[in-house]
Amino acid sequence: MSTVRVRFAPSPTGYLHVGGARTALFNWLFARHHHGVFVLRIEDTDLARSTDAATQVILDALQFLGLDWDEGPVKGGDFGPYYQSQRLDLYQEYAAKLMEMGRAYECFCTPEELDQRRQEQMKQGQATRYDGRCRHLSDEEKEDLRAQGRLPVIRLASLDEGETVVHDLIRGDVTFDNTTQVDDFVLVKSDGMPTYNFAVVVDDALMKITHVIRGEDHLSNTPKQIQLYQALDFPLPKFAHIPMILGPDKALLSKRHGATSVMQFHEDGYLAEAMVNYLSLLGWGYDDSQTIFSVPELIEKFTLERVSKNPAVFDIQKLEWMNGVYIRALSVEDLYERALPYWQRAGFLPEEITPEVKEYAQRILKELQSRIRLMADVVESAQYFFMDDYPYQPDVVQKILTKPHTEEILQYVYEVIKEAPQLNEEHLKPLFQVGMEKFGIKMGELIQPLRVALTGTNVSPGIYDVLELLGSEKVRSRIERTLAMLKEKELI
RNA sequence: GCCCCCAUCGUCUAGGGGCCUAGGACAUCGCCCUCUCACGGCGAAGACAGGGGUUCGAAUCCCCUUGGGGGUACCA
């Protein structure tokens, strides 16, 4: 069997969104599974909307996800160039060829005229299609039209009988009626640029793409493309149309559903491994028991046969959960490398890290690891470890530090801390128990106020871990600070 | 309007005629662990869109309806 060649062909009109990433992933997995070639091609023929910056962002996003391409921008390859804007001569060549063969023709109808006719067809209950009126223009007529200043487009002289069947690897055979569904669509716009349907065929054929794996939104365009393959005598690739990704309201996923940009997810602290794993499950599943897949496993197990046909709703909660799973699986060293930038940006840690600071940071991370779901969470959940002027959460202070004995409890702990040889559970618990009896309270009633005093919140790692991490000096100064705050606010 | 695709718990899915009193995961709820929050463990609730067929037998096959999605551009 010949080498599998697939491609991902984004248009650089914005960031890489979740849907595009999933399409890229499926292509990539398919290529790696079959030891094939993954091609990246930039579809930038829409000059008005395409930008270099957007191209770079897409490249960055693919890189972040680990979807490396074998041919394409930066990498190069034997079937370049990989930017459509640099392939204009090719489209011209094939358009000329089709004209010569009589399979394409110039059309001088204006957008306004076409629109009007479309409206009319709709009113009549007919399918909207180009009526072919420019198909047999004489040379004189063309000259007249040109003299009027009209710029022609080039249209395909499509087959107007029979049907075109798409043999889809996921959906089976899908039949389209040539008479009503495949019209003489535009190949080359009046500004000389190729349309998507034309460029995609020329490029996929020339780049020897064997499997076209793309979103279902392209299924309806496929018969048009097939007619082009046939007119140009190009071998037909196999097609696989994967289901769309929807928002919670079942509408196509878009910006209005919140973050959809892969790089935004990255910034929020989603791990590439979690993104890839979650995305792989959108429209694909393996068996009835497994949801966590490593990348090698995905490569091994991914097949188009197991791609589902129905659209999938993007469930951010499941992604978050999965991200937590991957965070918990990280080594402390790895976790630290990923957390460091967040802490540095928050001003918690300097650019230069001493071994002591690194060790402290890692000890904190060990405690935080099971408590965060996004890397960005390390900022809020660790601020009191790095700031001595940590804020007090007002409602928590009100609720917990206004209870009876608060001052005595804190003072008791203050004294006890001085005596303890080490701030750990072994040494402190017995002392706290003495306090419990002294005040006639439960352990929680001693620990909660202490937690609030030390952290400003009622949520933190285990109290003995917090005490140990902070150390005797800080614990005492924080108790003093809290007592002062309470007195100032006249809460005790 | 016309055409195409799709239809299992709230969500992602397993299921490809009998193994299904429909399995798993997220979310939800309860219990356990426990100094809070997580993590972890145990458990509960929760679906074959509706109607016709085919068949000894249908979540699985066919048809219709309904619902959702997509296409219908000199966007990609």
Open item on the list: So A:S308, base contact, sugar-phosphate only, or nothing? Heavy-atom distance under 4.0 Å.
Closed with: sugar-phosphate
Open item on the list: So A:R129, base contact, sugar-phosphate only, or nothing? Heavy-atom distance under 4.0 Å.
Closed with: nothing
TODO: In whole angstrom, give me the gap between the P atoms of B:C2 and B:A73.
DONE: 16 Å
Open item on the list: Applying the side chain to side chain donor-acceptor pair (under 3.5 Å) criterion to A:T180, which one of A:D177, A:D183, A:N178 satisfies it?
Closed with: A:D177
- [ ] Just call it for A:I463: base, sugar-phosphate, or nothing, with non-hydrogen atoms closer than 4.0 Å on any strand.
- [x] base
- [ ] Scan A:N221 against the nucleic acid and name what it touches under 4.0 Å (heavy atoms): base, sugar-phosphate only, or nothing.
- [x] base
Open item on the list: Measuring only the C1' atom in each nucleotide, how far is B:U72 from B:C61? A whole number of Å is fine.
Closed with: 32 Å
Task: Pair A:D160 + A:R135: basic N to acidic O under 4.0 Å - done: yes
- [ ] Could you pick out which residue, A:L319 or A:V174, lies toward the 5' side of RNA chain B when each is mapped onto its nearest nucleotide?
- [x] A:V174
- [ ] Using a 4.0 Å heavy-atom cut-off across all strands, classify A:T175 as base, sugar-phosphate, or nothing.
- [x] sugar-phosphate
Open item on the list: If you assign A:S190 and A:P243 each to the RNA chain B nucleotide with the nearest heavy atom, which residue ends up on the more 5' nucleotide?
Closed with: A:P243
TODO: Kindly state whether the ring of A:W69 and the ring of A:F8 have centres lying under 6.0 angstrom apart.
DONE: no
Task: Base-pairing mate for B:C48 - Watson-Crick or G-U, with both contacts under 3.5 Å - done: none
TODO: Run the ring-centre check on A:Y392 versus A:Y384 and record whether the distance is less than 6.0 Å.
DONE: no
Open item on the list: For chain A and RNA chain B, what are the first and last nucleotides along the strand, 5' to 3', with at least one atom under 4.0 angstrom from a heavy atom of the protein chain?
Closed with: B:G1 to B:A76
Open item on the list: I'd like the C1' distance from B:C62 over to B:U55, given in whole Å.
Closed with: 12 Å
Open item on the list: Regarding A:Q126, tell me which of base, sugar-phosphate or nothing describes its non-hydrogen contacts under 4.0 Å with the strands shown.
Closed with: base
Open item on the list: Taking pairing as Watson-Crick or G-U wobble with both contacts under 3.5 Å, can you name the mate of B:C31, or confirm there isn't one?
Closed with: B:G41
Task: Side-chain ion pair, A:K438 and A:E408, N-O less than 4.0 Å - done: no
Task: Centroid-centroid distance, A:Y412 to A:F432, less than 6.0 Å - done: no
TODO: With P as the reference atom in both, quote the distance from B:A44 to B:C26 in angstrom, rounded to an integer.
DONE: 15 Å
- [ ] With heavy atoms under 4.0 Å as the rule, sort A:F185 into base, sugar-phosphate or nothing.
- [x] nothing
Open item on the list: Can you check the distance between B:A59 and B:G16, where both ends of the measurement are the P atom (answer in whole Å)?
Closed with: 13 Å
Open item on the list: Can you see whether A:S308 engages A:N310 through a side-chain donor-acceptor pair at a distance of less than 3.5 angstrom?
Closed with: yes
TODO: Using the C1' atom as the reference point in each nucleotide, state the distance between B:G1 and B:G23 in Å, no decimals.
DONE: 44 Å
- [ ] Name the nucleic acid region contacted by A:T45, choosing base, sugar-phosphate or nothing; use a 4.0 angstrom heavy-atom cut-off, strictly under.
- [x] sugar-phosphate
Open item on the list: Going by purine N1 to pyrimidine N3 plus the second Watson-Crick contact, or the G-U wobble pair, all under 3.5 Å, which nucleotide sits opposite B:A58?
Closed with: none
Open item on the list: What contact category does A:T195 fall into here, base, sugar-phosphate, or nothing, at under 4.0 angstrom with non-hydrogen atoms?
Closed with: sugar-phosphate
TODO: Would you mind classifying the nucleic acid contact of A:S220 as base, sugar-phosphate or nothing, using non-hydrogen atoms under 4.0 angstrom?
DONE: base
Open item on the list: Can you confirm if the aromatic rings of A:W284 and A:F293 lie within a centre distance of less than 6.0 Å?
Closed with: yes
- [ ] Go through residues 403-411 of chain A and report each residue with a non-hydrogen atom lying under 4.0 Å from RNA chain B, sorted by number.
- [x] none
TODO: Can you tell me, in whole Å, how much space there is between the P of B:A38 and that of B:C29?
DONE: 11 Å
Open item on the list: Can you confirm whether A:L88 sits close enough to A:P194 that some side-chain heavy atom of one is under 4.5 Å from a side-chain heavy atom of the other?
Closed with: yes
Task: P gap between B:G43 and B:G18, integer Å - done: 29 Å
TODO: Scan A:I292 against the nucleic acid and name what it touches under 4.0 Å (heavy atoms): base, sugar-phosphate only, or nothing.
DONE: nothing
TODO: Identify whether any heavy atom of A:H241 sits under 4.0 Å from a base atom; if not, whether one sits that close to sugar-phosphate; answer base, sugar-phosphate or nothing.
DONE: nothing
Open item on the list: For A:H427 together with A:Y464, are the ring centres under 6.0 Å from each other?
Closed with: no
Task: Passing option when A:Y91 is tested against A:T195, A:D203, A:T45 for side chain to side chain donor-acceptor pair (under 3.5 Å) - done: A:D203
Task: Pair partner, B:U66 [Watson-Crick or wobble, under 3.5 Å] - done: B:A7
- [ ] Could you tell me whether A:R171 contacts a base, only the sugar-phosphate backbone, or nothing, with contacts defined as non-hydrogen atoms closer than 4.0 Å?
- [x] sugar-phosphate
- [ ] May I ask you to say what A:E216 touches in the nucleic acid, namely base, sugar-phosphate or nothing, with a heavy-atom cut-off under 4.0 Å?
- [x] base
Task: Between A:S460 and A:R451: side-chain donor-acceptor atoms closer than 3.5 Å - done: yes
